[in-house]
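Scope of the values below: all heavy atoms of this structure, side chains included, with no hydrogens, waters or symmetry mates. Below, read A as the first sequence line, B as the second, and so on, with proteins coming before strands; counting in each chain starts at 1.
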Amino acid sequence: MAKNLEKTYDPKQFEKRIYKGWEEKGCFKAYRDPDKTPYTIVMPPPNITGQLHMGHALDHTIQDVLIRWKRMSGFSTLWLPGSDHASIATEVKVVNKLKDEGIDKDDIGREEFLKHAWAWKDEYGGRITQQCRELGDSCDWDRERFTMDEQCSKAVKTFFINLYKKGLIYKGNRLINWCPDCGSVLSDIEVEHEDEQGSYWYFRYPGADGGEGIEIATSRPETIFGDEAVAVHPSDERYKDIVGKKVIIPLLNKEIPVIADEYPDPEKGSGAVKITPAHDMNDFEVGLRHDLPTPSCINPDGTMNELAGKYAGMDRYECRKAFVKDLEEAGYLVKVEQLTIPTGRCYRCGTAVEPMLSDQWFVKMKPLADPAIDIVKDGTIQFVPERFSKTYMHWMENIRDWCISRQLWWGHRIPAYYCEECGEMVVDFDQPESCPKCGGTHFHQDEDVLDTWFSSALWTFSTLGWPDMTEDLKYFHPTDVLVTGYDIIFFWVARMIFTAIDAMDEEAFKYVYVHGLVRDAQGRKMSKSLGNGIDPLDVIDQYGADALRFMLITGISPGNDMRFQYERVEAARNFANKLWNASRFVIMNLQDENGEMLPLADLEGAALKDEDKWMIARVNEATKNVTRDMDRFELGMGGQKVHDVIWNEYCDWYIELVKSRLYGEDEEDKKVARAVLVSVLKDLLRLLHPYMPFITEEIWQFLPGTEGTFLIAEPWPVYDEGKTYEEESAVIEKAMEVIKAIRNIRAEAEASPGRKLTAVIQAEGAAAETIEAGQTYVKNLANITDIKITASDDDVPAEVMSAVITEAEVHVPLDELVDFEAELERLTKEKKKLEGEVKRAKGMLSNEKFVSKAPAEKVQEEKDKLANYEDMLAKVIDRLAIVESKLK
RNA sequence: GGGCGCAUAGCUCAGCUGGGAGAGCACCUGCCUUACAAGCAGGGGGUCAUAGGUUCGAGUCCUAUAGCGUCCACCA
């Protein structure tokens with residue numbers, strides 16, 4: 001029984017099996033091989049709350065292509081996987097789950113809550129890494145890390161303490177972004193700014209002296225309870241006299257001063273701004289300049305506090321409504337204007353962020369940013385594509401201090417301890433024995449945890465053992481390339497860069513490969529709320545992981561978004577199918593009817609035919625180009641080239657060219673043909689493997705000489721300058737030209753491909769020789785029984801259909817009915833086309849500037865082309881005359 | 001208000017350092033030819049956003065314009 005691939009390509013039959021085989025045999029494992037060069041990629045850790053989505057699929061495909069290519073190229077590769085504890089996201093999930101069970105987070109307390117959170121992590125945290133396996137991720141699962149595992153936590157604490165000791169982490173009372181829904185502070189980049197429809201309310205604040213007072217405009221009336229002044233621009237003539245006087249906040253009867261400050265824009269609103277230092281960033285600054293108090297009127301949960309008097313306890317928006325109504329009834333509302341106002345929203349839950357005054361921990365960024373700017377500026381770290389370095393620079397150069405504390409429980413707790421006796425704060429790895437100030441022995445730890453991004457910022461080195469100088473850390477760090485979407489350059493990439501400089505005194509990675517977003521077929525962002533997300537696992541189920549991967553990677557150019565289209569997945573699947581069938585054909589021809597393997601020639605010194613050399617040259621060329629594309633991170637281009645050489649050259653031509661030999665009688669030559677078929681196929685599989693790992697590995701296992709090997713561990717092909725085979729390739733390419741010409745004639749004359757024909761080819765000199773050398777191919781592939789190659793017109797029968805090709809003319813005598821009308825039409829078209837070409841070439845050559853300034857070889861090239869076209873044109877005109885006479 | 005990106009065939013997009021416009025899908029014609037109809041052989045279809053400029057030569061480089069997208073920014 002012959003052993004061969006299944007008749008139809010069905011990736012489900014083998015993808016899981018292949019992956020298991022790799023994993024069990026340790027194919028993904030990284031080793032510290034002193035004789036090899038390390039190549040390291042750390043996987044952006046997906047959130048444990050997450051499911052695998054198209055973004056991951058793209059991100060991981062890129063990384064896997066790179067790591068597989070480098071592995072095959074002889075590097076000691078490490079692709080390190082892991083996951084992120086996702087502080088806020090996870091806490092929200094766990095809180096909701098508990099709520100469903102009727103449990104309130106605050107009732108059970110911190111310890112108990114964390115038990116639930118860890119249980120949740122144990123249950124769902126592995127889900128996404130399991131899904132990665134279906135994609136084919138060849139990462140070293142033995143080194144899988146988690147941002148809250150023991151080692152990473154140690155790194156986080158150490159890094160925090162180091163920065164604190166350097167004075168780069170401080171605790172401060174500042175105006176921060178507060179999410180009332182999450183109940184936590186957010187960093188600046190966690191706030192999304194949007195313009196929204198809103199109102200300006202104009203209110204009159206009467207003068208304390210009984211005067212007219214002043215009219216202010218505000219979009220946030222509920223903050224009036226925190227007003228401490230009204231500001232006007234010093235140059236504003238309208239308010240010149242009132243500056244320094246007091247006005248009364250209506251209904252509250254609180255007196256506040258009118259102050260002059262550069263901040264108000266006289267053009268905007270009434271030109272007078274109420275100042276609420278505790279609930280607005282700008283007002284806060286004004287308050288500082290004028291030494292104003294900073295009372296808060298809003299609680300952390302978004303309700304009003306006692307400052308709001310009778311509105312206390314109301315939600316801030318409810319209060320707004322009620323307060324405006326009361327003010328209106330009391331006659332203080334002057335007018336309302338509709339316009340768009342900028343609003344900040346929490347990037348997690350979408351709640352409107354409230355600026356609040358609060359004690360929080362910050363990282364002082366300027367000293368960390370400076371070297372992080374230099375390391376990109378001097379090219380130690382390069383962005384691909386380059387333009388993203390501008391985005392990075394701009395952000396780094398204007399960076400503000402990073403708020404790192406969060407009022408949550410799930411995360412790394414801040415290692416700061418407060419003495420119960422005197423309140424002294426100690427920042428240390430463990431709780432201190434006694435207070436350095438008063439000797440007290442009772443402490444409580446800071447309640448806050450760190451921003452999730454604080455731990456992922458350490459990812460390149462915390463995962464390798466830092467702060468311990470482990471062998472892994474020494475060998476694999478710095479990492480080589482970081483692959484990620486442009487949406488997290490600020491959140492993550494930028495921060496990894498400065499942490500590595502601080503902790504390791506070196507670059508975190510050499511390249512940042514930035515990819516775009518996978519959008520839906522209409523170009524919209526895939527999102528849960530739109531319900532337009534496409535589950536990669538569904539696609540894999542339907543088309544296979546190889547098809548998905550190939551579609552994702554060939555559809556992109558670095559940094560640009562892509563659209564997800566099923567038609568393209570299908571096209572990729574069809575390509576896999578094509579390769580599958582071609583391989584099945586090859587394997588079939590390697591064995592006799594009993595399934596016994598037939599002998600193969602040793603290719604060293606074998607008598608290669610022209611088509612063998614041509615094919616070998618084609619693969620060789622592809623090897624060169626694909627490798628170069630990979631080197632430049634042009635992964636999509638590389639994939640396209642492998643696709644083209646497999647389909648357009650190996651399948652379309654080489655297999656067809658070689659068939660007659662396989663079915664022929666020359667046993668020695670059969671051995672050669674088989675050997676080349678296999679050898680070339682193997683090289684093609686190697687080139688394709690990073691892109692389509694499953695199908696290539698599956699086919700590999702069926703080929704002779706692969707026993708006990710894995711394609712994943714095979715060497716990457718190397719370009720061989722000695723294998724360009726130009727002469728032999730010319731024969732094949734000329735034969736192809738002739739074959740196409742004959743097929744064309746056949747099609748025009750509507751003669752079936754099965755009909756036997758003869759051909760007369762007019763050519764001279766070298767061209768005649770080349771055609772002569774390739775005539776067997778023509779006979780086989782164009783179904784021609786006899787070919788006559790001649791220079792003379794006399795040998796051409798009177799009734800023929802012809803096609804003019806480079807340096808030759810192909811004639812097919814047709815005894816059967818011939819459509820001379822069609823022939824006339826075809827030749828007329830041909831003539832027109834050639835005339836155009838002649839005109840173009842003549843035009844260029846008659847341009848003196850071109851002839852004198854363009855490189856000599858370019859000029860010569862044009863001259864040759866012109867001669868050739870003129871020659872072809874003359875022949876076409878001759879044929880036309882003959883056909884025309886036939887028609888009379 | 002700044003930064004960046006996009007515009008190429010009906011659709012989705014490639015075209016890297018300037019040298020005769022490409023792919024997939026869709027469409028039309030003919031083929032179930034012994035690996036493959038998830039296929040084979042052909043075909044139609046583009047003033048490469050507009051206007052200038054550099055150059056012997058521009059889809060490619062420069063400038064400007066309006067359009068779309070996106071990020072950043074404390075405008076009540």
Please lay out, stage by stage, how A/Tyr486 and A/Asp561 fare under the test side chain to side chain donor-acceptor pair (under 3.5 Å). CA-CA 10 Å; A/Tyr486 57 69; A/Asp561 290 352; 2.8 Å; yes

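- Pairing of B/C48, defined by two Watson-Crick or G-U wobble distances under 3.5 Å, is not identified with any nucleotide.
- Only the P atoms considered, B/U63 is 12 Å distant from B/G5, to the nearest whole Å.
- In this structure, B/U17 makes no Watson-Crick or G-U wobble pair, since no nucleotide meets both defining distances under 3.5 angstrom.
- On the P atoms, B/G18 is 9 Å away from B/C61, given to the nearest whole Å.
- Nucleotides B/A58 and B/A51, compared at atom C1', are 15 Å apart to the nearest Å.
- Using C1' as the reference atom, B/C72 and B/G19 are 41 Å apart when rounded to the nearest Å.
- Distance check on atom C1': B/C48 versus B/C6 gives 14 Å, rounded to whole Å.
- Nucleotide B/U54 is matched to nothing when pairs are restricted to Watson-Crick or G-U wobble geometry with both distances under 3.5 angstrom.
- Straight-line distance between the P atoms of B/A66 and B/U29: roughly 47 Å, to the nearest whole Å.
- With respect to the salt-bridge test (charged N to carboxylate O, under 4.0 angstrom), the residues A/Glu354 and A/Arg220 qualify.
- Within the 4.0 angstrom heavy-atom criterion, only backbone atoms of the sugar-phosphate kind lie near A/Asn560; the bases stay farther away.
- Residue-level contact check: A/Tyr486 touches neither bases nor backbone, having no heavy atom under 4.0 Å from any strand.
- A donor-acceptor contact under 3.5 angstrom links the side-chain atoms of A/Lys578 to the base of B/C36.
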Close N or O pairs between protein and nucleotides 9-12 of chain B (under 3.5 Å):
from	atom 1	to	atom 2	distance (Å)
B/U12	O4'	A/Gln565	OE1	3.4
B/U12	O3'	A/Arg563	NE	3.4
B/U12	O2'	A/Gln565	NE2	2.8

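- Across every strand in view, B/C25 sits in a pair with B/G10 that passes the Watson-Crick or G-U test at under 3.5 angstrom.
- Nucleotide B/U70 forms a pair with B/G3, judged by Watson-Crick or G-U wobble geometry with both contacts under 3.5 Å.
- Residue-to-nucleotide contacts include a donor-acceptor pair under 3.5 Å from the side chain of A/Glu656 to the base of B/A35.
- Side chain A/Arg573 to base B/A38: a donor-acceptor pair is found below 3.5 Å.
- Looking at A/Thr484, A/Ile556, A/Leu552 one by one, the single match for side-chain contact (heavy atoms from CB on, under 4.5 Å) with A/Ile62 turns out to be A/Ile556.
- Out of B/A14, B/C72, B/A23, the shortest distance to the side chain of A/Gln640 is found at B/A23.
- Comparing B/A49 with B/U60, their P atoms sit 8 Å apart, to the nearest whole Å.
- Residue A/Met637 places its side chain closer to B/G15 than to any other of B/G15, B/C75, B/G24.
- Across B/A23 and B/G45, the matching C1' atoms stand 15 Å from one another, rounded to whole Å.
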